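Structure, as structure tokens:
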Amino acid sequence: MVTNEPPRELVVRVLRLGVAGLGRAFMLMLPTLAGDRRVSLVAAADPRREARDRFAHEFGGRAYDTVEALCADPDVEVVYIATPHALHERHAMIAAAAGKHILVEKPMALDTRACRSMIDQARAAGVTLVVGHSHSFDAPYRRARALIVSGQFGAVRMITAINYTDFLYRPRRPEELDSEHGGGVVLNQAAHHVDVVRRLAGTPVASVRAAVGDWDPGRPAQGAYTAFLQFTGGAVASLVYSGYGRFDTDELCGWVGESGQPKEPGDYGVARARLAGAATPQDETALKEARSYGAQAGLSPAPPHRFHHHFGFLVVSCERGELRPVPDGVMVYGNEARWFDALEPPTVPRQEVVDELYDGVVHGRSPIHSGEWGMATVEVCLAMIRSAQEGREIALRDGAASPP
């Protein structure tokens with residue numbers, strides 16, 4: 001049975017959480033959900049029997065084979081939707097209709113119509129809707145935002161955000177390589193990038209100009225992008241992402257990986273090498289499922305987290321200084337001096353997601369990463385795709401909303 005770490009603060013109520021989808025997204029959130037005493041994993045739904053059996057054994061919770069059955073469980077208070085992107089809308093509607101609060105993985109949905117439907121249903125049901133995890137929750141970006149809001153460095157003028165990974169060579173289901181159905185890097189990875197720069201700029205996105213790369217015939221999907229965002233407050237942001245598995249921006253982040261764990265620089269080309277053994281789409285799907293919850297017996301204890309999560313190399317240029325979030329703090333470059341604003345190591349990784357969910361459900365506070373926030377990010381990502389297809393700048397008529 002999994003036990004949780006001591007809480008950071010006095011817990012007055014525990015959120016009874018049901019998980020819809022015990023796949024890779026759940027595996028990445030599992031250290032958070034198992035480690036935060038404000039959450040109790042009471043139920044889950046997944047079509048795979050081995051995943052359901054493992055969940056019941058490790059957490060003592062109930063396991064269902066459908067999301068409908070999960071949402072009908074009267075003991076479930078919050079549903080964490082970690083199913084494939086195309087199912088987010090339907091599963092959020094089921095959860096809201098059952099009166100459950102909702103934490104839905106990014107991207108919120110595949111189009112803004114679906115996002116609006118989810119927002120309207122949650123509002124009508126009177127339930128909290130939080131979209132995440134995205135990296136704009138991460139402590140280094142939150143600290144950088146606090147420094148910006150302090151006014152010490154003046155207004156944000158430019159943000160440069162670069163991330164090179166091996167995303168395209170990790171095992172994928174066929175639809176995850178189908179850009180027409182939400183596959184590829186734009187909706188999957190730009191959802192992080194856009195969230196981060198929107199949070200730091202603090203004003204709506206006014207226009208988008210982008211190019212998208214699809215360079216490997218063996219992996220026919222969006223594998224890279226370059227985007228230029230203009231914000232209504234006058235700031236601009238340039239986003240560069242490549243998932244082609246060669247240069248790795250973690251080299252510029254002290255060889256700390258995206259999930260806050262140190263990595264070995266000698267592991268060059270590992271993702272490509274592992275994938276080389278998958279001769280068919282079925283072989284690749286099997287490789288992906290081997291990384292999912294239930295594929296192996298027992299929950300391995302997570303090593304202590306010395307660093308926070310991050311999303312590559314980023315610099316915020318303000319009128320009177322520049323800020324560079326890194327996995328353990330923020331490097332600050334002023335006019336006369338530079339210094340390091342250190343962060344304490346995380347007690348529970350991604351705990352900021354639970355902070356926002358808990359505040360919304362228990363204290364009735366409006367979340368930053370609300371449905372409107374998630375929809376605005378989807379709007380920008382879709383504008384990137386459209387700009388690349390049409391070869392022109394895309395104006396966002398009302399701006400993509402961005403809470404302070």
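Only this structure's heavy atoms are used, side chains among them; waters, hydrogens and symmetry mates stay out. What you are looking at is a predicted structure, and each value in this text was computed from that prediction instead of being measured.
- Here the side chain of Thr160 pairs no donor or acceptor atom with the backbone of Ser238 at under 3.5 angstrom.
- Ring geometry for Phe311 versus His193: interplanar angle over 60°, hence perpendicular rather than tilted (30 to 60°).
- In the model, Gln121 has no side-chain atom that pairs as donor or acceptor with a side-chain atom of Ser117 under 3.5 Å.
- A donor-acceptor distance shorter than 3.5 angstrom exists from the side chain of Lys100 to the backbone of Val76, with no hydrogens or angles considered.
- Side chain of Glu319 to main chain of Ala155: a donor-acceptor pair is present (N/O by atom type, distance under 3.5 Å, no hydrogens or angles).
- Side chains of Gln230 and Ser207 form a contact here, defined as non-hydrogen atoms less than 4.5 Å apart.
- Here the options are Phe313, Tyr241, Tyr164, Tyr268, the test is ring pair (Phe, Tyr, Trp, His ring centres under 6.0 Å), and the partner is Phe247; only Tyr164 passes.
- A donor-acceptor pair is defined here as one N or O able to donate and one able to accept, closer than 3.5 Å; no such pair exists between the side chain of Thr249 and the backbone of Leu252.
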Inset, instruction - Kindly determine whether Arg24 and Glu289 satisfy salt bridge (Lys or Arg N to Asp or Glu O under 4.0 Å), including the steps that lead there. - result: CA-CA 8 Å; Arg24 186 63 183 165; Glu289 290 181 351; over 6 Å; no
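- Residues Arg324 and Tyr333 have side chains that bring a donor and an acceptor to within less than 3.5 angstrom of each other.
- Remark: Leu382 CG to Thr112 OG1 distance equals 6.5 Å, nearest 0.5 Å.
- Of the possible polar contacts, one joining the Thr32 side chain to the Pro349 backbone as a donor-acceptor pair under 3.5 Å is found.
- In this structure, CG on Leu103 lies 9.5 Å from CD on Glu356, to the nearest 0.5 angstrom.
- Checked by atom type and distance alone, the side chain of Arg48 pairs as donor or acceptor with a backbone atom of Tyr293 at under 3.5 Å.
- Judged purely by distance below 3.5 Å, without hydrogens or angles, the side chains of Arg198 and Thr377 pair a donor atom with an acceptor atom.
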Inset, instruction - Decide side chain to side chain donor-acceptor pair (under 3.5 Å) for His135 and Glu258; before the verdict, give the C-alpha distance in whole Å, the side-chain angles of both, and the deciding distance to 0.1 Å. - result: CA-CA 9 Å; His135 280 287; Glu258 182 178 338; 2.7 Å; yes
Legend entry - Worked check of salt bridge (Lys or Arg N to Asp or Glu O under 4.0 Å) between Arg49 and Asp65: CA-CA 8 Å; Arg49 177 176 292 276; Asp65 58 1; over 6 Å; no
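- Here the CG-CZ distance, from Asp166 to Arg246, works out to 11.5 Å after rounding to the nearest 0.5 Å.
- Using bins of under 30°, 30° to 60° and over 60° for the plane-to-plane angle, the ring pair His88/His85 lands in the perpendicular bin.
- Using a cut-off of 4.0 Å between Lys/Arg side-chain N and Asp/Glu carboxylate O, Arg274 and Glu284 are scored as not salt-bridged.
- A donor-acceptor distance shorter than 3.5 angstrom exists from the side chain of Lys106 to the backbone of Asn188, with no hydrogens or angles considered.
- By the 4.0 Å N-to-carboxylate-O rule, Arg219 lies too far from Glu176 to be salt-bridged with it.
- Between Val332 and Phe340, the closest side-chain pair of non-hydrogen atoms is not below 4.5 Å.
- Side-chain atoms of Arg52 come within 3.5 Å of backbone N or O of Pro47 as a donor-acceptor pair.
- A donor atom on one side chain and an acceptor atom on the other are found under 3.5 Å apart for His91 and Thr83.
- Summarising the geometry, atom OG belonging to Ser242 is positioned 5.5 Å from atom CH2 belonging to Trp215; distances are rounded to the nearest 0.5 Å.
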Inset, instruction - List the steps, then state whether salt bridge (Lys or Arg N to Asp or Glu O under 4.0 Å) holds for Arg199 with Asp195. - result: CA-CA 6 Å; Arg199 186 79 182 103; Asp195 257 16; over 6 Å; no
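- In this structure, the separation between CG on Leu187 and CE on Met384 is 9.0 Å, given to the nearest 0.5 Å.
- Proximity of Leu147 to Val330: side-chain heavy atoms (C-beta onward) are separated by under 4.5 Å at one or more points.
- Here the side chain of Ser179 pairs a donor or acceptor atom with the backbone of Gln222 at under 3.5 angstrom.
- Remark: the Trp255 side chain and the Asp248 side chain contain no N/O donor-acceptor pair separated by less than 3.5 Å.
- Between atom CG of residue Leu129 and atom OG of residue Ser366 there is a gap of 11.5 Å, rounded to the nearest 0.5 Å.
- You'll find the side chain of Arg386 stays beyond 4.5 Å of the side chain of Val208, heavy atoms only.
- Taking the six-membered ring for Trp and thresholds of 30 and 60 degrees, His369 and Phe137 have nearly parallel ring planes, at less than 30 degrees apart.
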Inset, instruction - Apply side chain to side chain donor-acceptor pair (under 3.5 Å) to Tyr225 and Gln189, showing your working. - result: CA-CA 10 Å; Tyr225 58 77; Gln189 297 295 278; over 6 Å; no
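- Side chains of His133 and Asp138: a donor on one and an acceptor on the other come within 3.5 Å.
- Within a 6.0 Å radius of CZ in Arg272, other residues, nucleotides and ligands contribute more than 12 heavy atoms.
- The closest side-chain donor-acceptor pair between Asp216 and Tyr244, if any, does not fall under 3.5 angstrom.
- Inter-residue side-chain proximity for Arg143 and Leu343 is flagged as met; some heavy-atom pair is nearer than 4.5 Å.
- Here the side chain of Arg16 pairs no donor or acceptor atom with the backbone of Ala43 at under 3.5 angstrom.
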